[in-house]
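Okay, so here's the structure we're looking at.
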Amino acid sequence: MRGKSRFFNWFIGFFLLFLYAPAILLPVFAFNASSIVSFPLTGFTTEWFSVLLTNGTLHVAARNSLLIAITTAIFSTLLAVLAARASTRFSFFGRRSIMGFVMLPMVLPEIIIGVSLLVVIIQMGFELSLWSITMGHILICTPFCIAILSSAFMNLDKSLEEASFDLGQTRWNTFWLVIFPLVMPGIVASLLIAFTISLDEFIIAFFLAGTEPTLPVYIWGQLRFPAKLPSLMALGTVLLFVSIGLLLIADYFRRRGIRKTGIENTGGFL
Amino acid sequence: MLSFQKWRRSESAQGLFLISPTLGFALLLLAVPLIMVAALSFWTQDYLTLDRTFTTANYVTAWTEPMYQYLMARSLKISIFVTAATVFLAYPVAYFISFHVAPKRKAMWIFLITIPFWTSYLMRIFLWKVILGYNGVINGSLTGLGIIDEPLSFILYNQNAVVLTLAHAWVPFAILPIFVALERVDRSLIEAAEDLGDSGLRRFLRVTLPLSMPGVIAATIIVFIPTIGDYVTPRLVGGPNGLMISNMIELQFKKANNAPLGAALAISAMGIVTFFALAFLWLNRRYVRGPS
Amino acid sequence: MTQPIIRLSGLDKFYGDFQALSQINLDIKTGEFFSLLGPSGCGKTTLLRSIAGFETSSAGSLHIDGQSMDGVPANKRPTNMVFQSYAIFPHMSVAENVAYGLKARKLPKVEIKARVAEAIDMVGLQGFDERASHALSGGQRQRVALARALVLKPRVLLLDEPLSALDKKLREQMQSELRRLQRAVGITFVLVTHDQEEALTMSDRIAVMFDGKIEQVASPQILYGKPSTRKVAAFIGMMNFLDAKIMTTSGDNVEVEVQSLGKLTLPLKQATGGLDGCNSVGVRPEMLTILMGSQTSEREIEAEVTEVSYYGDMTYYDVKLPAKEDPITVSMRNTAGRKVLEVGAKARVGWSTSSLLLLK
């Protein structure tokens, strides 16, 4: 037994090192004084962060990305609430195939989604814009939101709704007084996950970007210039901490939801 | 009319009504575009003018031109390697979290596994370039320690680097379904196997592994299909010999201005991947008996 | 008698091809404690949910207090329900749960407060008003569910297996408390249960259901003492069955040939469900005795003890009768000085014709 658990500890140790290598190196290089991204480290500086503050193009890209991410979060959560509610509460004709189809973007290669949306937009004679990217992002985020919200709706005891109805409330009020407060943590988690995915999405955004870049498209353009790399590291560090912060908030709400409905906490994220 | 009114109040109608916006959105932005890509792949384009006469010429090119054949085969090979590496890496980790971590701390471990995934996608790939590069972290430390004299050159700008980077990107997605499947394995079944005289390894092979197969299958599909569509990783760390079919699709749509050929390549790639995924599922159903 | 509070006539319910309820005709009287008793899947919960308005019947009618409930949704019916899972709103305190229905009726705040306090008092939860509902025990949750429904003063309170989630001791305590509560408020209670003991101890009347049909509606005493069919007799308490064949009827008597017991003349009224189709005779274990020493009985039969189950206050003997393959059960009170027989012992079983029931 002992030998086996030692093997496991080593394995997990190496695995975590492998998994975290980029995430650890990112802030290391962001604070490294050298303008070349490589070892050995030469000293500590916050210069690369201050470079970010004065970069106009970057600010435009960041604003675009925020706009897209917020819109995506709201719309994919809305669509996911409807789908999750429908699939967990009602049995309807073709439910399994409809849900399978709606969840399809989760396994579809992103390049296929990018290509197909590009084709439609060009064939229809529309201009590529931030809207086209938003549409693509809603499409890929909705399945993730459905996954989160389905478990929130599934944990909901059907007799709670019936009890509310039985006690004289209307269906509409039942939704707002009983269902909504109980799935609220799931909705917050869904909003944050969609926001985070959209903020970081590159493949679709690159295909559908018109003249206005998103943050990842901007980063892609800068990767060619070695001189820009240290400040990109700083940008990456900021984004990493923003993402982790948002995820911690999402997880907090998910746990609170679990506590509220009184169900044992077993699952993990997503 | 009465029966229609009754139907309107029925569960089926309410469910369909509720899901219709989501379904409509997916139909409009997924089904319609996919159909248009399929249509496009049977047309031809000469610079900017599109010729809408039906032709299979694009498919003939996609399937007979040695360069495309070669890229397709390489992409498939890389995807299979990535999937295998990811699943073999993910299973012990998922097993560790499910069986060796205290129940209270499992959620924290899962969170720990998913954090690196939220490092910017492009940065992550770029950092692998830094780690694997000629003057990179690995070569730097190995020469510094005196283990090697010359920096290793086989670790960047080739297919190994692509496999490693993609495996790193996808491993959280493989751990989650396997972990969920392992969590569902009734612990008393394993105790029963022990009680009936199975050793640790036999217990694992005869009870735990077959019962967690649905998770392994899900992980395989989740990793295998999207991997073929990545064009950033090959571009950044793959070098000329590490490029994949997606790079070609991107090229056709963007610089080469031959969208119909790009569409044919995309559809062919999807078809091949789907075929392999289905074959894998079929083999599993045929030879591995999981829980029904 | 005044008009029934609930009248069901010709109620049918189909789920696809499956018939969950068939031709339910039933009157429930104002102010009674009525139980729907039957094995799981017999349709009792479906019937209760039809009364509540959660299921729409496929045919037939339902009247509550003389009003047709056709097209009346659950939130407009004068019924309230205690759910099997209690369905306590987890994000609300005890008081908020109890006030939920009153708020829906938009009553003045002062009145809501007073009525909530009164209801919480009534179920014995004083001081728990502000308690979060997920911090309640099973028994307390049930009390909240009761208070929440009763505070609305419904015409009928529907209870869906409310005691099944409680352990045995708490269940017995809640049984008498529910009974006491029902007498105090005078509201008609309709209880669904699969536990025959629960139904017998609590109810004024019971409807026994099998396969979507009502088999018999009667008071507990009649249901136990004079079950109308063999099915009911077997479901409620323990009953021994012997094959029987009707020979002739003359006046108020019927002549039957009974397995092991031979030819007998029984009064017609002992065919509780009518004489048509009767093919067996039933007798309760406590109606039989094992005769000791010089004891005698109206009738007696030689038997052999095949199994002894000792219960402290009672002993149950399985005894084999001549010309009957399966043993029958005799229960004896363990009074002072009574010896417990052993397996294999010969025994004289005493019985009387008046304790036999003719059943179909």
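Because the structure is predicted, anything quoted here is derived from the model rather than measured. Numbers restart at 1 for each chain; the letters A, B, ... are given by sequence-line order, proteins then strands.
- Contacts of B:Lys254 with chain A are made by side-chain atoms alone, with heavy-atom separations under 4.5 Å and no backbone atom involved.
- The residue among B:Ile115, B:Ile125, B:Val180, B:Val273 with the most heavy atom pairs within less than 4.5 Å of chain A is B:Ile115.
- Only the side chain of B:Ile175 comes within contact range of chain A, judged by heavy atoms closer than 4.5 Å.
- Looking only at heavy-atom pairs under 4.5 Å with chain A, the residue among B:Ser246, B:Pro116, B:Ala26, B:Gly133 that has the most is B:Pro116.
- Heavy-atom pairs under 4.5 Å with chain B peak, among A:Phe75, A:Phe241, A:Phe93, A:Phe206, at A:Phe206.
- No side-chain heavy atom of A:Asp200 sits less than 4.5 Å from a side-chain heavy atom of A:Ser243.
- Both the backbone and the side chain of B:Tyr121 come within less than 4.5 Å of a heavy atom in chain A.
- Highest contact tally toward chain B, considering only A:Thr196, A:Val242, A:Ile121, is held by A:Thr196 [criterion: heavy-atom pairs under 4.5 Å].
- Heavy atoms of A:Ile24 lying under 4.5 Å from chain B are absent altogether.
- Residue contact with chain B, scored on non-hydrogen atoms closer than 4.5 Å, involves the side chain of A:Phe29 exclusively.
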Check against side chain to side chain contact (heavy atoms under 4.5 Å, CB included), B:Leu251 and B:Asn258: CA-CA 9 Å; B:Leu251 187 74; B:Asn258 193 351; over 6 Å; no
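- By number of non-hydrogen pairs under 4.5 angstrom with chain A, the leading residue of B:Ser20, B:Pro92, B:Ala277 is B:Pro92.
- Screening A:Val217, A:Ile133, A:Leu199, A:Leu239 against A:Ser65 for a side-chain contact (heavy atoms from CB on, under 4.5 Å) leaves a single residue, A:Leu199.
- For B:Ala259, no part lies near chain A; criterion is any non-hydrogen pair under 4.5 Å.
- Using a 4.5 Å cut-off between heavy atoms, A:Leu118 contacts chain B through its side chain alone, with no backbone atom that close.
- Heavy-atom pairs under 4.5 Å with chain A were tallied for B:Leu122, B:Ile113, B:Leu34; the largest tally goes to B:Leu122.
- The part of B:Arg235 that comes within reach of chain A is its side chain, from C-beta onward, which places non-hydrogen atoms under 4.5 angstrom from that chain.
- For an aromatic pair to be called close, the ring centres must be under 6.0 Å apart, and B:Trp109 with B:Phe96 satisfies this.
- Note: B:Leu89 leads B:Leu89, B:Ile249, B:Leu40 in heavy-atom pairs under 4.5 Å with chain A.
- At least one cation-pi condition fails for A:Arg85 and A:Phe175: the charged atom is not both under 6.0 angstrom from the six-membered ring centre and inside a 45 degree cone around its axis.
- Of the residues considered (A:Leu108, A:Ile203, A:Thr237, A:Leu232), A:Ile203 shows the highest number of contacts with chain B, using heavy-atom pairs under 4.5 Å.
- Checked by atom type and distance alone, the side chain of B:Ser41 pairs as donor or acceptor with a backbone atom of B:Ala38 at under 3.5 Å.
- Residue A:Met233 touches chain B through both its backbone and its side chain, counting heavy-atom pairs closer than 4.5 Å.
- For a residue to count as touching a neighbouring chain, one of its non-hydrogen atoms must lie under 4.5 Å from one of that chain's; by this rule B:Val171 touches chain A with the side chain only.
- Ranked by heavy-atom pairs under 4.5 Å with chain B, the list A:Leu26, A:Leu16, A:Ile244 is led by A:Leu26.
- Contact annotation for A:Phe11: only side-chain heavy atoms (C-beta onward) come within less than 4.5 Å of a heavy atom of chain B.
- There is no contact between B:Ile35 and chain A, counting heavy-atom distances below 4.5 Å.
- Chain A forms more heavy-atom pairs under 4.5 Å with one residue of B:Ile228, B:Leu112, B:Asp230 than with any other, namely B:Leu112.
- Below 30°, between 30° and 60°, or above 60°: for A:Phe15 and A:Phe18 the angle between ring planes is between 30° and 60°, a tilted geometry.
- For A:Leu19, the parts lying near chain B are the backbone and the side chain together; criterion is any non-hydrogen pair under 4.5 Å.
- Relative ring orientation between B:His100 and B:Tyr95 is described as tilted, the plane-to-plane angle lying within the 30° to 60° band.
- Separation of the B:Phe224 and B:Phe280 ring centroids does not fall under the 6.0 Å cut-off.
- Using cut-offs of 30° and 60° on the angle between ring planes, the pair A:Phe202 and B:Tyr231 is tilted.
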